[in-house]
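Report on one structure; see the data block that follows.
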Amino acid sequence: MPENPFPVVDGVPEGRALLGSRIRELIEASVCVRDDEADLAAAARRVEAVTAALRAAGGANPLLLAALEGGGHLSINNPLEGPGNPLAPPLSWVDVGPDSVCAEVLLGAAHEGPPGRVHGGWVAAVLDHVLGRATAAAGFPGMTASLTVDYHQGTPYAVPLTAEGWLVRRDGRKLHAAGTLKAGDVVCASATAILVHFSADRFPVSTKD
């Protein structure tokens with residue numbers, strides 16, 4: 001495996017987080033703009049120019065790691081909580097305990113599936129991520145082998161959501177986890193998963209600058 005050319009950092013580089021936030025705002029604006037009230041072609045040319053400048057300074061490896069609470073590392077470009085990734089909502093952790101986690105997440109119009117509701121794929125992705133973080137917080141990072149999601153009702157967007165996950169039990173390398181996604185006190189979806197525990201040396205990273 002080639003050595004990771006990026007440094008492992010504690011915290012988030014300010015510029016990367018700011019860029020991710022601004023592009024996230026751009027995505028939301030682009031799905032909500034009215035065609036008859038904006039010069040979309042001119043906007044596209046400005047975005048194209050910025051994209052070209054960023055691509056010229058880019059590298060082949062997008063991995064940039066930050067230390068996790070409870071041990072381990074997570075990419076700052078993670079698609080669910082990485083502040084450097086414009087696709088990430090991102091999640092904001094309220095509590096990371098010894099065997100459970102709780103996060104707040106605000107999904108927007110860019111995540112819409114049915115009218116006024118979050119796409120079910122994003123609901124599943126949030127729950128999958130939270131369950132994985134719960135097993136990692138318990139000291140057993142794992143990769144999802146199976147995920148079962150029950151959709152109890154449509155999940156609204158543009159309102160604060162609470163995602164919770166917890167480790168149910170461990171059978172050797174097999175980890176059983178469960179979680180919920182709520183809007184207020186209403187459970188919109190729940191999930192159970194089986195993950196396979198892997199050792200830290202399975203995915204080595206470099207600490208060199």
Side-chain angles (χ1 to χ4, degrees), residues 11-59 62-66 68 74-95 101-133 147 149 151-165 179-191:
V12 181
E14 182 178 356
R16 181 172 289 270
L18 181 60
L19 177 62
S21 177
R22 293 296 176 264
I23 298 177
R24 197 172 297 119
E25 293 169 1
L26 175 64
I27 292 172
E28 190 76 5
S30 70
V31 300
C32 294
V33 68
R34 293 181 53 176
D35 291 5
D36 58 350
E37 294 188 4
D39 187 342
L40 300 186
R45 288 192 294 271
R46 292 195 292 272
V47 171
E48 183 180 18
V50 174
T51 300
L54 292 175
R55 184 173 288 128
L63 189 63
L64 185 62
L65 299 176
L68 286 177
L74 184 79
S75 172
I76 289 173
N77 292 322
N78 183 279
L80 269 300
E81 68 171 280
N85 190 334
L87 296 179
L91 288 89
S92 175
W93 295 103
V94 176
D95 181 61
V101 296
C102 179
E104 292 181 347
V105 58
L106 185 66
L107 297 163
H111 305 103
E112 185 182 59
R117 295 293 183 267
V118 177
H119 191 288
W122 273 101
V123 171
V126 168
L127 285 167
D128 177 65
H129 186 71
V130 170
L131 269 57
R133 287 286 265 116
L147 176 71
V149 179
Y151 299 91
H152 304 288
Q153 64 176 51
T155 301
Y157 67 79
V159 300
L161 303 172
T162 302
E164 297 177 281
T180 59
L181 183 64
K182 298 180 181 178
D185 294 327
V186 178
V187 177
C188 300
S190 58

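None of the values given here were measured: they were computed from a predicted structure.
Residues Leu91 and Val130 have side chains in contact (heavy-atom distance under 4.5 Å, counting atoms from C-beta outward). Residues Val31 and Glu112 have side chains not in contact (no heavy-atom distance under 4.5 Å, counting atoms from C-beta outward). The closest side-chain heavy-atom distance from Leu19 to Leu54 is below 4.5 Å.
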* What do the steps show when you test Lys182 against Val187 for side chain to side chain contact (heavy atoms under 4.5 Å, CB included), and what is the final call? -> CA-CA 4 Å; Lys182 298 180 181 178; Val187 177; 3.8 Å; yes
* **Trace of the side chain to side chain contact (heavy atoms under 4.5 Å, CB included) decision for Leu40 with Asp35** => CA-CA 7 Å; Leu40 300 186; Asp35 291 5; 3.6 Å; yes
* Stepwise side chain to side chain contact (heavy atoms under 4.5 Å, CB included) check, Thr162 with Val94 -> CA-CA 9 Å; Thr162 302; Val94 176; over 6 Å; no
* To do: Using the side chain to side chain contact (heavy atoms under 4.5 Å, CB included) rule, take Leu26 and Arg22 through it: C-alpha gap first, then chi angles, then the decisive distance, then the call.
  => CA-CA 6 Å; Leu26 175 64; Arg22 293 296 176 264; over 6 Å; no
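A donor-acceptor pair under 3.5 Å is formed between the side chain of Arg24 and the backbone N or O of Pro83. Looking only at distances, no side-chain donor or acceptor of Arg133 sits under 3.5 Å from a matching main-chain atom of Cys102. Although no hydrogens or angles enter the test, the distance criterion places a donor-acceptor pair under 3.5 Å between the side chain of Ser30 and the main chain of Ile27.
Among all heavy-atom pairs drawn from Gly165 and Leu131, the shortest one is CA-CD1, 4.2 Å. Residues Ala183 and Leu161 share a closest heavy-atom pair of CB-CD2, 3.7 Å. The shortest non-hydrogen separation linking Ala42 to Asp39 is N-OD1, 3.1 Å. Contact detail for Tyr157 and Leu107: the closest heavy-atom pair is CB-O, 3.4 Å. The heavy-atom pair separating His152 from Ser190 by the smallest distance is NE2-OG, 2.7 Å. Summarising the geometry of Ala124 relative to Val149, their closest heavy-atom pair is CB-CG2, 4.0 Å, with the distance given to 0.1 Å.
Crowding of Asp185 atom CG: a count of heavy atoms from other residues, nucleotides or ligands under 6.0 Å not exceeding 12.
Under the 30°/60° scheme for interplanar angles, the aromatic rings of His111 and Trp122 are found to stand perpendicular.
In this structure, Arg45 does not pair ionically with Glu48, as no charged nitrogen and carboxylate oxygen lie closer than 4.0 Å.
The OG1 atom of Thr180 sits 7.5 Å away from atom CG of Leu127, with the distance rounded to the nearest 0.5 Å.
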